[in-house]
Amino acid sequence: MNILSVDQIYKADKITIKNQNIDSVQLMERAGEQVFDWIEDILMGAPIHIHVFCGIGNNGGDGLVVGRLLIESDYNVTVYVVNFSDKRSKDFLHNYDRIKTDTKVWPTLIKSEKDFPEIGSGDIVLDSIFGIGLNRSPEGWVKKLIEHLNKSGALIISIDIPSGLFANKALEDKDAVIKATHTLTFQIPKLAFFLPETGPFASMVKTLDIGLDQKFIEEAEPLAQLISQEEAQSFYIPRKKFGYKGTYGHALIVAGSYGKIGAAVLASTAAFRIGAGMVTAFVPKCGYNILQTTLPEAMVITDKEEEFITEITSDFEPTAIGIGMGMGKNQATVQALKKLFKNSKSQFVIDADALNNISENKDLMKLLPKKSILTPHPGELKRLIGSWNDDYEKLEKVKKFSKKHDVVVIVKGAYTATVYEDKIYINTSGNPGMGTAGSGDTLSGILTGLLCQGYDILSASLFGVFMHGFAGNKAADKMGYEALIAGDIIENLSEAYVELFMDPENDNWEDDDLFDDDWDDDDWDDDEWEDDFLK
Ligand SMILES: NC(=O)C1=CN([C@@H]2O[C@H](COP(=O)(O)OP(=O)(O)OC[C@H]3O[C@@H](n4cnc5c(N)ncnc54)[C@H](OP(=O)(O)O)[C@@H]3O)[C@@H](O)[C@H]2O)[C@@H](O)CC1
Ligand SMILES: Nc1ncnc2c1ncn2[C@@H]1O[C@H](COP(=O)(O)OP(=O)(O)O)[C@@H](O)[C@H]1O
Ligand SMILES: [K+]
């Protein structure tokens with residue numbers, strides 16, 4: 001699924017209107033109806049108080065459509081116009097007139113702080129103050145209104161985007177942004193929803209199909225692409241009937257130091273479980289018994305040193321090498337890395353301390369093998385590319401690094417971003433339970449195992465990151481977030497493979513859970529509502 005820029009979204013709007021021979025008011029009606037249907041599905045006529053806050057642009061126009069439809073369906077609604085400017089959009093004005101004529105209800109004007117209404121914590125706020133037309137941070141009483149709504153404790157449903165958030169530009173004032181409980185976005189997801197600084201404002205995103213021109217959306221050069229189950233399916237390489245272990249490659253996992261041999265165990269096991277034909281672990285001597293006992297399927301080569309790695313050798317040419325997990329930063333280890341990078345013809349997945357060593361040693365950076373996959377978490381990334389002011393600058397810096405060194409960079413986190421040259425891919429699987437030690441070691445093993453099976457560096461990265469998160473989701477389904485440990489991700493890779501081609505419905509990135517548990521429902525007690533939705 002393509003993530004487009006604000007300019008492209010406006011273009012999609014225009015092309016849709018032209019190709020479908022409709023006018024912009026009809027498109028706004030469609031958008032408003034979609035929002036209304038979503039709310040109607042949930043509320044089913046419940047008399048809960050809904051406050052609709054409309055700006056004066058087209059986002060406000062959408063709010064007026066929803067307000068009108070809610071009033072016409074006898075909901076308990078108050079519609080407000082947040083009058084921050086007299087410069088109203090044409091379609092806003094059309095719907096402003098229409099709500100008054102059709103419902104005989106006149107929206108309440110908010111012109112300053114003294115007009116702010118009381119909002120009960122059991123109420124619903126519909127936020128259509130600003131949409132993608134926001135061009136500067138809200139200030140003055142408008143900012144105060146946003147703060148007032150955020151403090152209310154009400155459930156906040158944002159239309160298209162939480163007001164105050166830029167769709168694809170850095171945050172300027174985090175206090176001037178609506179903290180939405182739900183975001184109902186029109187068809188095209190916005191980049192801000194997936195980045196760590198801005199994503200938390202837009203939890204529970206749902207895309208509503210308003211019939212925008214599909215051809216334009218698919219053919220546009222996206223800001224980023226979302227990788228969901230459907231895309232992951234397209235990367236999968238089926239096992240061959242006459243394949244044997246040699247067909248699926250030989251992985252070398254170079255990892256571990258005294259006290260961190262587990263990293264080698266996790267990565268080696270994951271390489272096997274994702275389907276590598278053979279796996280050899282290269283570890284310091286102290287890792288020998290541990291590996292032979294915990295993973296008898298693997299072969300083990302040990303360094304001459306007891307506690308860390310000093311010289312990496314093998315009597316075979318590995319198809320792919322996964323290197324760095326728990327490896328430490330001993331000077332001898334740095335020398336071993338230099339020698340390996342200079343001499344090896346294998347493909348590389350470079351993680352953890354291998355990355356840290358590269359960041360600290362310019363000579364090693366120069367030897368960084370082209371076409372490698374690098375898997376930094378945010379701390380490792382900062383050491384590698386330097387600090388950034390915001391997520392957008394970070395992504396630009398990563399693109400530059402990727403181009404300069406001809407490597408894929410996987411920026412790990414919630415919605416892991418894979419960057420290759422100018423392109424950004426955002427993963428949609430995974431969950432907070434995966435924030436647990438060794439989860440990254442597991443990913444490195446997965447990626448190494450995929451390179452072994454003939455996936456190219458980009459498809460190994462996109463498929464591997466997806467499968468890692470997908471297996472994490474299978475694990476979380478059974479055990480919840482807190483109890484999940486890295487080994488559970490590996491154990492659930494089998495289920496992830498088995499379910500890869502099943503109905504993606506339950507693993508969509510859009511969270512269909514209706515309400516957060518902490519929503520306060522004291523003010524309202526309809527048994528049917530509670531039975532159905534607040535379980
Ligand atoms: N594209 C689609 O497919 C469809 C889009 N639709 C909807 O249209 C929405 C976009 O509407 P939009 O372009 O009218 O912009 P919107 O966000 O309502 O507000 C802009 C107004 O705010 C002002 N302004 C900006 N920042 C400000 C600030 N900090 N403080 C104060 N004022 C500020 C700015 O005026 P300015 O003062 O900058 O001249 C302007 O007047 C989109 O999100 C979606 O909901 C659907 O209806 C149909 C399909
Ligand atoms: N909230 C989250 N949602 C999705 N995935 C997550 C989340 N937190 C962590 N992860 C994933 O878990 C892994 C953690 O990697 P890393 O920090 O390197 O762990 P470690 O170094 O302990 O092995 C990454 O792949 C990351 O994307
Ligand atoms: K909004």
Side-chain angles (χ1 to χ4, degrees), residues 6 8-14 16-17 24-32 34-35 53-63 65 82 84-92 95 126-140 142-143 156-167 172-173 176 178 180 183-188 190 196 210-213 263 266-267 325-326 351-352 355 375-380 410-417 427-444 446 464-465 468-469 472-473 481 486 489:
V6 168
Q8 287 171 315
I9 296 172
Y10 282 129
K11 215 167 179 180
D13 198 358
K14 281 207 183 75
T16 304
I17 287 169
S24 54
V25 164
Q26 282 168 290
L27 189 59
M28 186 174 277
E29 190 70 18
R30 227 190 244 176
Q34 287 282 332
V35 173
F53 291 88
C54 307
I56 48 73
N58 286 346
N59 194 249
D62 295 335
V65 174
V82 185
F84 50 79
S85 161
D86 292 328
K87 207 176 55 189
R88 289 132 195 258
S89 78
K90 177 174 93 9
D91 296 343
F92 169 93
N95 280 299
L126 209 56
D127 153 40
S128 59
I129 305 172
F130 297 110
I132 58 169
L134 184 84
N135 51 35
R136 58 196 185 278
S137 272
E139 287 175 347
V142 184
K143 174 178 169 179
I156 304 183
I157 302 170
S158 285
I159 298 185
D160 207 21
I161 185 166
S163 295
L165 195 64
F166 299 107
E172 285 163 7
D173 180 358
I178 286 285
T183 302
L184 306 180
T185 204
F186 295 129
Q187 198 151 353
I188 301 166
K190 322 298 186 254
I210 57 166
L212 293 178
D213 195 277
L266 288 168
M325 299 71 79
D351 188 25
L355 292 172
T375 58
H377 61 50
E380 289 154 357
I410 296 177
V411 182
K412 293 186 294 194
Y415 297 119
T416 290
N427 184 58
T428 57
S429 62
N431 62 74
M434 296 173 72
T436 176
S439 179
D441 305 334
T442 301
L443 176 67
S444 301
I446 289 175
V465 170
H468 180 245
N473 288 352
Y481 293 155
I489 303 174

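In what follows, residues are counted from 1 in the order of the sequence shown. Remember, it's 1-based here, ligands and their atoms both numbered in the order they're listed. Computation of the quantities below employed the complete heavy-atom set of this structure, encompassing side-chain atoms and omitting hydrogens, waters and symmetry-equivalent molecules. Every value quoted in this text rests on a predicted model; they were computed, and no experiment measured them.
A side-chain contact (heavy atoms from CB on, under 4.5 Å) with His468 holds for exactly one of Thr416, Asn427, Leu443; it is Leu443.
A 4.5 Å side-chain heavy-atom check between Leu212 and Phe186 finds every atom pair outside the cut-off. Using a 4.5 Å heavy-atom threshold, the side chains of Phe130 and Ile178 count as separate. Put simply, the side chain of Ser24 reaches to within 4.5 Å of the side chain of Lys90, judged on heavy atoms. Residues Thr442 and Met434 form no side-chain contact, since every pair of their non-hydrogen atoms from C-beta on lies 4.5 Å or further apart. Side-chain contact check for Glu29 versus Asn95: some heavy-atom pair is nearer than 4.5 Å. Put simply, the side chain of Asp441 reaches to within 4.5 Å of the side chain of Asp351, judged on heavy atoms.
Using a 4.0 Å heavy-atom cutoff, Ala437 is listed among the residues neighbouring ligand 2. The closest approach between Pro138 and ligand 1 falls below 4.0 Å for a heavy atom of the residue. Residue Gly438 places a heavy atom less than 4.0 Å from ligand 2.
Residue Ser89 has no nitrogen or oxygen atom sitting less than 3.5 Å from a nitrogen or oxygen atom of ligand 1, judged on distance alone. Taking any N or O of Glu380, backbone or side chain, none lies under 3.5 Å from an N or O belonging to ligand 2. For ligand 2, the polar-atom distance check finds an N/O of Asn431 within less than 3.5 Å of one of the ligand's N/O atoms. In terms of N/O distances under 3.5 Å, ligand 1 is approached by Gly133. Close N/O approach between Ser439 and ligand 2 is found [any backbone or side-chain N/O within under 3.5 Å].
Of all protein heavy atoms, the one closest to atom 23 (C) of ligand 1 is Phe84 CE1, 4.0 Å. Among all non-hydrogen protein atoms, the one lying nearest atom 24 (C) of ligand 2 is Lys412 CD, 3.6 Å. In terms of protein heavy-atom proximity, atom 19 (O) of ligand 2 is closest to Gly440 N, 3.2 Å. Annotation: atom 25 (O) of ligand 2 to nearest protein heavy atom, His468 CE1, 3.2 Å. Protein heavy atom closest to atom 13 (O) of ligand 1, with residue, atom name and distance, is Tyr10 OH, 2.5 Å. Residue, atom and distance of the protein heavy atom nearest to atom 1 (N) of ligand 2 are Pro432 CA, 3.3 Å. When hydrogens are left out, the protein atom nearest atom 35 (O) of ligand 1 is Lys87 NZ, 3.8 Å; that is the closest non-hydrogen contact. What sits closest to atom 21 (O) of ligand 2 on the protein, heavy atoms only, is His377 CD2, 4.3 Å. The closest protein non-hydrogen atom to atom 29 (N) of ligand 1 is Arg136 O, 2.6 Å. Among all non-hydrogen protein atoms, the one lying nearest atom 26 (C) of ligand 2 is Gly413 N, 3.7 Å. The shortest contact between atom 45 (O) of ligand 1 and any protein heavy atom is with Asp62 OD2, 2.5 Å. Nearest non-hydrogen protein atom to atom 38 (O) of ligand 1 is Asn135 ND2, 2.7 Å.
Atom numbering of ligand 1 starts at 1 in the shown order; those under 4.0 Å from a heavy atom of Leu134 are 17 (O), 25 (C), 26 (N), 29 (N). Annotation for ligand 2: atoms under 4.0 Å from non-hydrogen atoms of Thr416 are 27 (O). Close approach of ligand 2 to Ala414 (heavy-atom distance below 4.0 Å) involves ligand atoms 1 (N), 2 (C), 3 (N), 4 (C). Of all atoms in ligand 2, numbered sequentially from 1 with element shown, those under 4.0 Å from a heavy atom of Asp441 are 23 (O). Each of the atoms 8 (N), 9 (C) of ligand 2 lies under 4.0 Å from some heavy atom of Gly435. Taking a cut-off of under 4.0 Å to the non-hydrogen atoms of Ile9, the atoms of ligand 1 that pass are 1 (N).
The K ion (ligand 3) has an N, O or S atom of Phe130 closer than 3.4 Å. The distance from the K ion (ligand 3) to the nearest N/O/S atom of Asp160 is not under 3.4 Å. For Asn59, the nearest N, O or S atom to the K ion (ligand 3) falls under 3.4 Å. With a cut-off of 3.4 Å, the K ion (ligand 3) has an N, O or S atom of Ser163 in range. Using a cut-off of 3.4 Å, one finds that Pro162 contributes no N/O/S atom close to the K ion (ligand 3). Residue Ile159: an N/O/S atom is found under 3.4 Å from the K ion (ligand 3).
Within the set Phe166, Phe186, Phe130, the minimum heavy-atom distance to atom 30 (N) of ligand 1 is found for Phe130. When the heavy atoms of Ile132, Ile56, Leu184, Asn58 are ranked by distance to atom 21 (C) of ligand 1, first place goes to Ile56. Of the options Asp213, Val142, Ile210, Asn59, the smallest heavy-atom separation from atom 9 (C) of ligand 1 is shown by Asn59. Between the choices Asp91, Asp160, Asp13, the shortest heavy-atom distance to atom 43 (O) of ligand 1 belongs to Asp160. Counting heavy atoms only, Gly131 comes closest to atom 17 (O) of ligand 1 of the residues Gly57, Cys54, Ser158, Gly131.
For atom 40 (C) of ligand 1, the protein comes within 4.0 Å by no heavy atom at all.
Taking CD1 from Ile161 and CG from Leu184, the interatomic distance works out to 13.0 Å, rounded to the nearest 0.5 Å. Once rounded to the nearest 0.5 Å, the distance linking CG of Asp213 with NZ of Lys11 reads 12.0 Å. Separation of atoms CG (Leu27) and OG1 (Thr16) is listed at 6.5 Å; rounding is to 0.5 Å. One distance of note links CD1 of Ile132 with CD1 of Ile188; it measures 8.0 Å at 0.5 Å rounding.
Using modelled atom types and a 3.5 Å distance limit, the side chains of Asp173 and Ser137 yield no donor-acceptor pair.
Between the K ion (ligand 3) and the N, O or S atoms of Asp127, the shortest distance is to O.
The backbone N or O of Ala31 lies less than 3.5 Å from no partner atom in the side chain of Gln34, so there is not a single donor-acceptor pair. Between the side chain of Thr183 and the main chain of Thr185, no donor-acceptor pair closer than 3.5 Å is present.
Residue contacts with ligand 1, taken as heavy atom pairs separated by less than 4.0 Å, involve Ser137 solely via the backbone atoms N, CA, C and O. With a 4.0 Å cut-off on non-hydrogen atoms, Ile159 does not touch ligand 1 at all.
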- Item | Residue pair Ser163, Asp127: steps toward the side chain to side chain donor-acceptor pair (under 3.5 Å) verdict | CA-CA 7 Å; Ser163 295; Asp127 153 40; 2.4 Å; yes
For residues 55-62, which side-chain donor-acceptor pairs fall under 3.5 Å, sequence neighbours excluded?
unit_1	atom_1	unit_2	atom_2	d
Asn58	OD1	Ser89	OG	2.6
Asn59	ND2	Ile159	O	3.1

